[in-house]
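If you're wondering where the values come from, they're calculated on a predicted model, not measured in any experiment. Within every chain, numbering begins at 1; the chains are lettered A, B, ... in the order of the sequence lines, protein sequences first and strands thereafter. Because only heavy atoms are used, hydrogens play no part in the values below, and waters and symmetry mates are left out as well, while side chains stay in.
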2 protein chains.
Amino acid sequence: MSSRINKKRVTVTDIAKEAGVSLKTASRALNNSPHVREEKREAVLKAAKKFNFRPNISARQLASNRSYVITHFYDNVNTDYVSKIYTGMQQACHKHGYYAVAETTDCSKRKFIEQTLDYVTAFNIDGLILSPPLCDDTALMTALKKHGIKVVLISPQETSEDDYFVFVDEEKSAFQITEHLINLGHKDIAFLGGLKSHKAALNRQKGFVAAMKQYGLNASRKTIKTGDFTMQSGHNAYVDIMKKLPEATAIFAANDEMAMGVIMAALNDGKKIPDEIAVAGYDNSRFSGLFWPSLTTVSPPVIEMADYATNLLIRLISGEAVENKKHEFVSEIILRKSTDKK
Amino acid sequence: MSSRINKKRVTVTDIAKEAGVSLKTASRALNNSPHVREEKREAVLKAAKKFNFRPNISARQLASNRSYVITHFYDNVNTDYVSKIYTGMQQACHKHGYYAVAETTDCSKRKFIEQTLDYVTAFNIDGLILSPPLCDDTALMTALKKHGIKVVLISPQETSEDDYFVFVDEEKSAFQITEHLINLGHKDIAFLGGLKSHKAALNRQKGFVAAMKQYGLNASRKTIKTGDFTMQSGHNAYVDIMKKLPEATAIFAANDEMAMGVIMAALNDGKKIPDEIAVAGYDNSRFSGLFWPSLTTVSPPVIEMADYATNLLIRLISGEAVENKKHEFVSEIILRKSTDKK
DNA sequence: GCATAAATTGACAGCGTTGTCATTTATAAG
DNA sequence: CTTATAAATGACAACGCTGTCAATTTATGC
């Protein structure tokens with residue numbers, strides 16, 4: 001029935017024999033336990049390498065009552081973002097013999113916290129990675145803390161003293177991209193933000209305003225519009241902007257989809273991009289580079305962030321001391337056709 | 001160190017005791033083994049339900065020398081497609097106590113087959129799901145078959161007698177969407193296909209041609225253009241089409257990105273959509289519904305296909321007899337603004 | 001150099017499940 | 001009703017690893 005080849009598996013016992021130590025010492029050496037003499041550790045690692053030893057994860061799970069599984073919980077339709085996080089998690093997990101799993105939930109469901117806890121206990125999940133908007137769900141965070149579940153957050157908007165998280169300075173990036181537009185010679189720049197409840201959008205707006213002020217340019221209610229992060233709202237905003245601020249030569253939208261909506265409306269309006277209207281977005285979504293014209297945008301290092309967050313989580317799980325609870329990442333500004341020189 | 005709550009775990013032994021049978025009989029009942037009397041099976045399942053029993057996957061893995069892991073190998077930048085497959089896999093995996101894992105590879109790397117085999121044996125993966133283009137890599141398929149690894153393919157273009165796979169009839173869907181355009185009154189319809197090497201695009205083209213012929217319309221070299229599946233190529237194609245076939249009132253592109261490129265070029269050209277030019281795409285990519293105007297397209301049931309493929313794979317793994325090696329799915333035609341009534 | 005503390009090591013018992021194989025029970029055949 | 005055969009059942013040993021705790025070795029202090 002089973003087609004499995006019956007090649008005998010290399011076990012810790014084999015390694016121990018080869019290295020001339022006991023099973024347990026070999027186990028310790030392989031797990032970076034500090035209580036092993038250096039020479040024995042080396043002998044064990046050498047033997048492991050020689051035999052190309054791979055620990056049996058199931059056995060380890062069973063014996064240690066841990067799953068060696070880290071799950072990313074998300075409630076986000078942006079598959080692009082989610083898959084970048086997964087890639088970063090995998091990098092870190094592979095390195096430490098963990099499994100990376102991604103689980104989608106619906107945080108508007110009434111029982112979602114209960115279900116999350118149920119999942120974590122049922123599968124004995126070792127730790128969680130949470131991304132927006134879940135990482136800002138205070139009820140969820142409270143429940144997880146109460147049960148002592150290890151969590152690391154990616155880009156939370158609000159945090160408390162005892163949270164571990166990674167983040168990017170969105171204000172800084174928004175400042176830089178606005179500065180880029182200003183350096184190109186634009187003076188009348190409109191900003192297309194999001195709803196006030198969307199904290200990240202607010203930070204991007206702050207960066208925009210700060211840059212405009214620093215260069216003595218106008219950033220008032222007239223130049224700041226509100227969208228809802230859809231292409232459609234970008235489209236509508238363009239029409240609105242042209243009505244109230246017809247002298248505008250550049251538009252910076254708080255995400256790529258709105259920026260694309262703006263571009264489409266502008267094209268529809270007979271404007272040349274970037275010659276008559278320059279457009280910048282935010283997020284570096286997959287389409288931003290494929291769009292026509294390709295979109296200048298801000299690229300947060302999501303994969304690196306997830307990798308770091310996962311490494312941090314693994315350290316927490318293994319009980320290692322962690323010096324910094326948070327870590328800041330810097331986004332890259334990606335210059336493309338939509339803001340080419342005039 | 002560990003924060004795990006020390007609530008005693010429910011094991012098969014507990015279930016067996018409650019049901020008044022032996023450990024092994026309980027195990028058999030829980031695993032749908034045929035060699036259990038109906039009344040005992042019921043007693044066991046009842047006990048399992050009462051205690052909310054969840055099998056310990058690690059123990060099962062260790063004892064059965066199987067990983068209960070199914071991996072989707074892919075080499076595809078389309079995160080949308082990949083994450084739909086993952087969702088479908090998870091549905092099926094959850095139901096049967098398996099883990100779903102996704103792994104990206106680069107099939108242009110020289111050693112990628114070797115690495116794939118290495119991964120499968122190292123992690124003792126029970127079965128693989130392969131999607132395009134990997135599922136059409138004959139060298140890989142040969143290697144996997146040689147090692148007796150269970151595989152189910154999603155939308156392969158070429159298959160042999162002993163392949164298990166799921167697929168959609170692309171020709172039929174292309175026919176239907178063309179028919180939809182014709183029914184709207186369009187007569188001069190252009191098709192934007194892909195390179196000849198792209199088999200799926202060819203099938204879509206066949207469907208287009210068949211529909212046009214059936215309704216006595218012209219489908220010649222003049223109306224059929226070639227793109228490379230990027231927005232940019234859709235843009236270029238529009239310009240080309242308008243030059244050689246200025247009377248065209250509808251364009252059917254073989255994927256959504258090209259369709260979006262077409263729309264953008266048309267808007268840029270001052271055309272109203274769908275009033276002057278109707279546009280249809282293919283794939284129902286995430287942006288197609290968010291685009292402006294939203295895009296009429298063909299939606300293959302990727303999640304359902306992955307779910308079915310995974311169930312099929314699990315049946316293969318457990319040695320169950322499988323009657324049909326292949327299963328056809330029907331795509332849905334999604335009508336949106338880009339082909340609204342004139 | 002000896003007593004004591006600290007670090008290192010190893011024997012052994014699980015972890016919760018499935019595989020094996022012998023035993024018991026039910027069914028069919030004569 | 002007996003025997004032969006098939007089906008159902010259970011005892012027990014794995015699976016490969018880690019946790020516990022006692023035994024051993026090494027380092028430290030006086």
Side-chain angles (χ1 to χ4, degrees), chain A residues 1-2 4 6-44 48 51 53-68 97-98 122-124 126 317-319, chain B residues 1-2 4 6-44 47-48 51 53-68 96-98 122-124 126 317-319:
Chain A
M1 198 143 105
S2 171
R4 187 122 348 264
N6 211 3
K7 194 174 142 193
K8 210 177 142 290
R9 190 178 180 117
V10 178
T11 74
V12 189
T13 312
D14 301 327
I15 303 299
K17 228 171 259 170
E18 170 78 10
V21 299
S22 78
L23 163 64
K24 187 65 225 204
T25 300
S27 166
R28 273 192 273 256
L30 292 166
N31 285 286
N32 297 318
S33 162
H35 305 294
V36 178
R37 202 158 310 161
E38 203 46 46
E39 77 191 69
K40 302 213 175 185
R41 179 194 306 284
E42 272 165 26
V44 170
F51 287 175
F53 170 74
R54 310 247 197 174
N56 182 319
I57 296 171
S58 314
R60 172 193 267 180
Q61 289 171 336
L62 184 59
S64 64
N65 190 31
R66 293 209 270 134
S67 63
Y68 285 83
Y98 277 69
F123 285 93
N124 212 4
D126 285 348
I317 292 166
S318 10
Chain B
M1 196 141 106
S2 171
R4 190 122 344 265
N6 211 3
K7 194 174 141 193
K8 210 177 142 288
R9 193 181 178 114
V10 178
T11 73
V12 190
T13 312
D14 302 326
I15 303 300
K17 229 171 258 171
E18 170 79 9
V21 299
S22 77
L23 163 65
K24 186 67 224 202
T25 301
S27 166
R28 272 192 273 257
L30 291 167
N31 286 286
N32 299 317
S33 161
H35 305 293
V36 179
R37 203 158 310 158
E38 202 47 46
E39 76 192 69
K40 302 212 174 187
R41 179 193 307 284
E42 273 166 24
V44 170
F51 287 174
F53 170 74
R54 310 246 197 174
N56 182 318
I57 296 172
S58 313
R60 172 191 267 178
Q61 289 172 335
L62 183 60
S64 64
N65 190 30
R66 293 209 269 134
S67 63
Y68 285 83
H96 300 279
Y98 277 70
F123 286 92
N124 213 3
D126 286 348
I317 291 166
S318 12

S.K.: Any heavy-atom pair between the side chains of A:Glu18 and A:Val10 that's under 4.5 Å?
M.R.: no
S.K.: With a 4.5 Å cut-off on side-chain heavy atoms, are A:Ile57 and B:Phe123 touching?
M.R.: yes
S.K.: Select one nucleotide: of D:dC17, C:dT8, C:dT18, the one nearest the side-chain heavy atoms of A:His35.
M.R.: C:dT8
S.K.: To the nearest Å, how far apart are A:Arg28 CZ and D:dC17 P?
M.R.: 15 Å
S.K.: Round to a whole Å and report the spacing from CG of A:Leu30 to P of D:dT18.
M.R.: 8 Å
S.K.: I want to check one thing: is the phosphate of C:dT18, taken as OP1 and OP2, less than 4.0 Å away from some side-chain N or O of B:Ser27?
M.R.: yes
S.K.: Calculate the interatomic distance between B:Leu23 atom CG and D:dA14 atom P; express it in whole Å.
M.R.: 16 Å
S.K.: With a cut-off of less than 4.0 Å, is there a side-chain N or O of A:Lys40 near OP1 or OP2 of C:dT9?
M.R.: yes
S.K.: Pick the nucleotide of DNA chain D nearest each of A:Arg37 and A:Ser58; which residue has the one closer to the 5' end?
M.R.: A:Ser58
S.K.: B:Thr25 has a side chain; which of D:dT9, C:dG16, C:dT17 sits nearest to it?
M.R.: D:dT9
S.K.: Could you measure the distance from the CZ atom of B:Arg41 to the NE2 atom of B:His35? Nearest 0.5 Å is fine.
M.R.: 10.5 Å
S.K.: Take the protein atom OH of A:Tyr68 and the nucleotide atom C1' of D:dT18, then report the distance between them rounded to whole Å.
M.R.: 8 Å
S.K.: Output the single nucleotide from D:dG16, D:dG19, C:dG19 whose closest atom is nearest the side chain of B:Ser64.
M.R.: C:dG19
S.K.: Report yes or no: does A:Asn124 contribute a side-chain atom to a donor-acceptor pair with the main-chain N or O of A:Asn65 at less than 3.5 Å?
M.R.: yes
S.K.: For B:Arg54 and A:Lys24, take the nucleotide of DNA chain C holding the closest heavy atom to each; which residue's nucleotide lies nearer the 5' end?
M.R.: A:Lys24
S.K.: Starting at atom CZ of B:Arg9, determine the distance to atom C1' of C:dT17, rounded to an integer number of angstrom.
M.R.: 11 Å
S.K.: Using atom CG of A:Asn65 as one end and atom P of D:dG19 as the other, report the distance to the nearest whole Å.
M.R.: 10 Å
S.K.: Round to a whole Å and report the spacing from CZ of A:Arg60 to C1' of C:dT17.
M.R.: 20 Å
S.K.: Can you measure B:Ile15 atom CD1 to C:dG16 atom P for me and round it to whole angstrom units?
M.R.: 13 Å
S.K.: Considering only side-chain heavy atoms of B:Thr11, which listed nucleotide, D:dG16, C:dT9, C:dT17, is closest?
M.R.: C:dT17
S.K.: Are B:Ile317 and B:Tyr68 packed together at the side-chain level, in the sense that at least one heavy-atom pair is separated by less than 4.5 angstrom?
M.R.: no
